[in-house]
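Single-structure report; data block below.
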Amino acid sequence: MHELSIAQSMIDVACEAAAREGADQVIKLRARIGVLSGVAKAALQFSFDLAAEGTACEGAVLEIEDVPVTVMCPRCHGAQELPLSYTFCCPVCGTPTPEILTGQELEVVCMEIAGNDDTTGT
Amino acid sequence: MTTPRVLEVRAKILKKNDELARAMRAEFARAGVFVANLVSSPGSGKTELLTSTLSRLIRSYDVAAVVGDLATDNDARRLATSGAEARQIITQSICHLEADMVRDSLQGWDLSALDFLFIENVGNLVCPSSWDLGEDLRVLLFPVTEGEDKPLKYPTLINTADVVVISKMDLAVAVGFDMDLARRNIQQVRPGIEVFETSAKTGQGIDAWIEYLRQHLQRKRDRAGSIGPQTVGEPTIMS
């Protein structure tokens with residue numbers, strides 16, 4: 001299942017970013033996953049929880065933002081969102097639209113972290 | 001009690017692979033070697049087409065190949081019958097090739113002595129989509145035996161491919177393959193992509209395929225040094 005490989009990479013990116021900030025715990029992670037990225041959301045969620053064990057991401061909440069496919073229509077001169085049937089032509093005028101603007105994303109957007117060098121209250 | 005804070009990351013999940021692929025792409029460019037990554041479902045004819053391709057190209061060029069499989073080195077042996085050097089990457093359980101696996105497989109080869117390097121990916125129409133291997137060309141094979149609507153079923157992979165090869169054309173009549181429908185479907189899901197029809201068995205379409213590869217090598221060499229390194233993920237739609 002390659003979502004596990006993707007989850008492991010995601011955790012590597014997150015732990016590296018957290019460590020650079022002196023944080024040892026990731027509380028929440030927000031990712032943008034395009035519908036044409038080749039990654040299934042549910043499988044990624046499951047794999048993330050599994051792969052996070054023993055890392056700074058253990059117990060972290062994973063929020064996934066689905067990114068739809070949008071293409072540039074050369075005739076309408078604008079971005080159009082494609083329905084899931086993946087016919088790559090403009091839903092307005094029917095012109096073929098090879099230029100993909102969004103939908104292939106596989107990225108970590110932001111994280112909520114907690115550091116061991118934060119000052120404590122009490 | 002620690003105070004949580006928000007950190008903007010904005011990093012690609014496959015950053016490590018992408019960065020390595022970028023470095024490999026730059027090295028391939030410096031070495032002047034043209035690299036093609038062949039993807040398809042298992043049993044589509046990648047090895048047969050690649051063996052045919054290597055056999056033809058080796059007459060005038062220096063060529064080599066690496067091939068990924070979960071088990072056996074059968075494909076590397078078959079590719080080597082062309083006279084080219086071929087190495088097997090055994091992935092054990094991993095269903096696709098990643099940049100580090102390809103890099104490791106090239107150890108000891110003098111890339112600057114090569115004109116063409118072919119990478120035959122693990123047979124899989126899903127997972128190879130996400131992994132950039134530093135290639136110049138991603139070739140997607142659809143055999144006639146798998147039906148005309150296959151391209152519609154795998155929009156993710158086809159939208160990372162640069163060219164489609166419809167393989168096993170010697171069986172097209174036997175399976176009642178509707179070429180017009182197949183081509184329409186391909187254009188529906190990847191407008192403008194160039195399509196070749198080949199049979200490694202009969203040689204149909206192989207001349208055109210070899211010429212296409214030759215032109216790409218020439219174009220790469222002509223461009224070398226004039227526009228700088230290629231960017232990762234840049235689409236190359238044939239017009």
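Chain identifiers are assigned alphabetically (A, B, ...) following the order of the sequence lines, protein sequences preceding nucleic acid strands; residue numbering begins at 1 within each chain.
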Quiz prompt | Part of Q187(B) within contact of chain A (heavy atom distance under 4.5 Å) | solution = neither
Practice problem: Cation-pi check, R214(B) to W209(B): give yes when NZ or CZ is under 6.0 Å from the six-membered ring centre and within 45° of the ring axis, no otherwise. | Solution: no
Self-check item: Residues in residues 26-34 of chain A near chain B [non-hydrogen atoms, under 4.5 Å]
Solution: I27(A), I33(A)
Quiz item: Hey, are D73(B) and R87(B) close enough for a salt bridge, meaning a charged N less than 4.0 Å from a carboxylate O?
Solution: no
Quiz item: Residues two or more places apart in sequence or in another chain: which of them pass side chain to side chain contact (heavy atoms under 4.5 Å, CB included) with V13(A)?
Solution: V108(A), V9(B), A11(B), K15(B)
Self-check item: Flag side-chain contact, heavy atom, 4.5 Å: L82(A) against F88(A)
Solution: yes
Exercise. Using the six-membered ring wherever Trp is involved, compare the ring planes of H96(B) and W131(B) and label them parallel, tilted or perpendicular (cut-offs 30° and 60°).
Key: parallel
Quiz item: Considering only heavy atoms, which portion of I100(A) lies under 4.5 Å from any heavy atom of chain B: side chain, backbone, both, or neither?
Solution: side chain
Exercise. Under 4.5 Å heavy-atom distance to chain B, tell me which part of E105(A) shows up: side chain, backbone, both or neither.
Key: neither
Quiz item: Between L106(A), V69(A), V39(A), which shows the greatest number of heavy-atom pairs under 4.5 Å with chain B?
Solution: L106(A)
Quiz item: Is the number of heavy atoms from other residues, nucleotides or ligands within 6.0 Å of CD (E211(B)) greater than 12?
Solution: yes
Self-check item: Distance-only donor-acceptor check, side chains E98(B) and S5(A), under 3.5 Å
Solution: yes
Quiz item: Pick from L157(B), N185(B), T156(B): which one has the most heavy-atom pairs with chain A under 4.5 Å?
Solution: T156(B)
Self-check item: chain A contacts, top residue of I13(B), V6(B), T160(B), L14(B) (heavy-atom pairs, under 4.5 Å)
Solution: I13(B)
Quiz item: With a 4.5 Å heavy-atom cut-off, do K46(B) and V67(B) have their side chains touching?
Solution: no
Quiz item: With a 3.5 Å cut-off and no angle check, do the side chains of N121(B) and N37(B) form a donor-acceptor pair?
Solution: yes
